[in-house]
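Take a look at the structure below.
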There are 2 protein chains.
Amino acid sequence: MNIGAASQQSGLPAKTIRYYEDIGLLTPDRAGNGYRDYSASDVHRLRFLQRSRSLGFSVEECRQLLSLYGDHSRESADVRAIAKSKLAEVERKLTELAELRDALRHLVRNCHGDNRPECPILDSLAGRGGARQARI
Amino acid sequence: MNIGAASQQSGLPAKTIRYYEDIGLLTPDRAGNGYRDYSASDVHRLRFLQRSRSLGFSVEECRQLLSLYGDHSRESADVRAIAKSKLAEVERKLTELAELRDALRHLVRNCHGDNRPECPILDSLAGRGGARQARI
DNA sequence: CTTGATCTTCCAGTTCCGGGAACCTTATAT
DNA sequence: ATATAAGGTTCCCGGAACTGGAAGATCAAG
């Protein structure tokens with residue numbers, strides 16, 4: 001499969017896909033004409049990269065996550081340790097995203113879109129634990 | 001409050017906080033000595049920025065989100081439209097994060113960490129809809 | 001009053017791409 | 001068969017979002 005199709009199926013721009021190859025995140029085959037030739041598992045990796053990047057993981061974190069199921073030379077204990085640490089981070093992100101969702105839902109429900117609103121109560125957007133009574 | 005305290009309370013490096021000021025995301029007061037002086041609501045904004053950036057929103061998206069509850073000159077219909085569109089994106093991210101969490105949980109449970117594992121079934125990491133039977 | 005921590009500005013470097021040039025290959029239309 | 005467009009290649013430069021370091025001012029402590 002050419003880079004255009006891989007781009008469509010992964011949701012990543014061709015430019016980005018070439019960049020990921022440059023920094024060693026995947027190494028597709030080359031066809032006789034010099035074109036990159038993406039396998040199904042290449043596209044799989046690309047889709048995963050698209051997702052995890054859009055969820056706020058750095059490229060190096062993505063590399064780690066990919067190694068969890070790509071690297072056969074890795075020790076089981078390593079895999080487990082990395083997975084556990086990433087799991088904790090994912091769970092924290094889930095909590096924060098859910099709070100953001102709730103705040104946005106509130107906003108959508110309470111600001112009818114017909115006139116100048118009040119739309120307060122987005123304090124939860126900044127999470128608990130910081131400055132509480134802030135009125136911005 | 002000085003920038004060091006604001007940094008601690010928001011989780012953002014002082015460098016980043018100054019950068020956010022440069023690009024107009026907030027404008028703290030200045031004390032007599034020239035030091036930046038952060039209010040509770042400034043810290044509130046900073047905490048929100050830290051969160052939303054770590055959840056994969058671009059700086060411009062964060063600016064939009066902040067304007068949802070900061071900008072009194074904005075029309076109610078605008079607020080509602082932006083909130084609805086961001087809400088959809090947040091819900092998509094929530095779904096993907098939950099899938100990633102499930103995959104990591106599976107990994108943590110099934111790879112005991114004592115010997116060489118098999119650890120397959122991380123296909124769900126790349127989500128459904130793309131290459132299916134990929135075995136990486 | 002000196003020392004160390006923290007603040008200031010400014011400039012340079014890094015990461016993660018995106019735009020565009022210059023060129024080659026493939027598919028389509030005449 | 002041939003023009004033409006569409007899509008591929010490398011390369012290099014520019015931009016977004018920081019990050020590190022230098023040079024200097026300020027503050028809190030001994």
Side-chain angles (χ1 to χ4, degrees), chain A residues 1-40 42-43 45-67 86 89 93 96 100 126, chain B residues 1-40 42-43 45-67 86 89 93 96:
Chain A
M1 165 189 334
N2 282 349
I3 200 171
S7 168
Q8 279 202 319
Q9 291 192 28
S10 66
L12 287 169
K15 281 273 192 184
T16 303
I17 296 179
R18 293 199 194 91
Y19 172 69
Y20 287 167
E21 182 177 348
D22 278 355
I23 63 175
L25 287 177
L26 75 167
T27 44
D29 289 343
R30 293 287 177 141
N33 54 14
Y35 285 19
R36 291 168 177 84
D37 184 21
Y38 294 90
S39 69
D42 288 330
V43 173
R45 287 176 84 86
L46 289 172
R47 286 182 60 79
F48 176 71
L49 285 165
Q50 189 281 320
R51 281 200 161 199
S52 44
R53 287 291 293 131
S54 97
L55 293 172
F57 291 96
S58 75
V59 165
E60 286 315 308
E61 287 176 312
C62 292
R63 197 191 297 273
Q64 273 197 324
L65 285 167
L66 273 178
S67 81
K86 291 301 171 194
E89 193 176 345
K93 282 183 192 242
E96 294 178 0
L100 180 52
Chain B
M1 166 189 330
N2 283 350
I3 200 171
S7 169
Q8 280 202 317
Q9 291 192 29
S10 66
L12 287 170
K15 281 274 190 182
T16 303
I17 296 178
R18 293 198 193 93
Y19 173 70
Y20 287 166
E21 182 177 349
D22 279 353
I23 63 175
L25 286 177
L26 76 165
T27 44
D29 290 343
R30 295 284 178 144
N33 54 12
Y35 285 19
R36 290 169 179 83
D37 184 22
Y38 294 91
S39 70
D42 288 330
V43 173
R45 287 175 84 85
L46 290 172
R47 285 181 60 80
F48 176 72
L49 285 165
Q50 189 280 322
R51 280 197 162 202
S52 45
R53 287 290 295 131
S54 98
L55 293 171
F57 291 96
S58 76
V59 164
E60 285 317 306
E61 287 176 310
C62 293
R63 197 191 296 274
Q64 272 197 326
L65 285 167
L66 273 177
S67 81
K86 292 301 172 197
E89 194 177 343
K93 282 182 194 246
E96 294 178 0

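This one's a predicted model, so the numbers in the text were calculated from it and none came from an experiment. All chains are named by letter (A, B, ...) in the order of the sequence lines, taking the proteins before the strands, and each is independently numbered beginning at 1.
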Checklist entry - With a 4.5 Å heavy-atom cut-off, do A/Arg45 and A/Leu66 have their side chains touching? => result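 Result yes, sub-4.5 Å side-chain heavy-atom pair found.
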
Item to check | Residues A/Glu60, A/Arg63; criterion salt bridge (charged side-chain N to carboxylate O under 4.0 Å, His left out); working and verdict | outcome: CA-CA 5 Å; A/Glu60 286 315 308; A/Arg63 197 191 297 273; 3.0 Å; yes

Next on the checklist: Show me the pairs that pass salt bridge (charged side-chain N to carboxylate O under 4.0 Å, His left out) and involve residues 2-16 of chain A, at least two apart or across chains.
Outcome noted: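 Pairs touching residues 2-16 of chain A that pass the test: none.
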
Can you give me the closest heavy-atom contact between [X] and [Y], atom names plus distance?
{"X": "B/Met1", "Y": "B/Ala5", "answer": "CG-CB, 3.4 Å"}
{"X": "A/Ala14", "Y": "A/Ile3", "answer": "O-CD1, 3.7 Å"}
{"X": "A/Asp37", "Y": "A/Asp42", "answer": "O-OD2, 4.0 Å"}

Checklist entry - B/Arg53 has an atom CZ; how far is it from atom P of D/dA17, in whole Å? => result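 B/Arg53 atom CZ is separated from D/dA17 atom P by 6 Å.
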
Checklist entry - What's the CG-P distance between A/Asn2 and D/dT9, to the nearest Å? => result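 Rounded to the whole Å, the gap is 7 Å.
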
Checklist entry - Taking OP1 and OP2 of D/dG8, is either one under 4.0 Å from a side-chain nitrogen or oxygen of A/Arg36? => result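 For A/Arg36, the contact criterion (side-chain N or O under 4.0 Å from OP1 or OP2 of D/dG8) is not met.
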
Next on the checklist: I'd like to know if A/Glu21 pairs up with A/Arg30 as an ion pair, taking the criterion as any Lys NZ or Arg NE/NH1/NH2 lying under 4.0 Å from an Asp or Glu carboxylate oxygen.
Outcome noted: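 The answer is yes: the pair qualifies as a salt bridge.
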
Checklist entry - Using a heavy-atom distance cut-off of less than 4.0 Å, which residues of residues 14-30 of chain A contact DNA chain C? => result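 A/Lys15, A/Thr16, A/Tyr19, A/Tyr20 - these, ordered by number, are the residues of the stretch whose heavy atoms sit under 4.0 Å from the strand.
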
Checklist entry - Under the criterion side-chain contact (heavy atoms from CB on, under 4.5 Å), which of A/Leu49, A/Val43, A/Leu46 is the partner of A/Ile17? => result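 That would be A/Leu46; it is the only one of A/Leu49, A/Val43, A/Leu46 passing the side-chain contact (heavy atoms from CB on, under 4.5 Å) with A/Ile17.
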
Item to check | Nucleotides bounding contact with chain B, strand DNA chain C, heavy-atom threshold 4.0 Å | outcome: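 On DNA chain C, the outermost contacted nucleotides are C/dT6 to C/dC10.
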
Next on the checklist: With nearest nucleotide decided by heavy atoms, which residue, B/Asn33 or B/Pro13, maps closer to the 5′ end of DNA chain D?
Outcome noted: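 Its nucleotide being nearer the 5' end, the pick is B/Pro13.
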
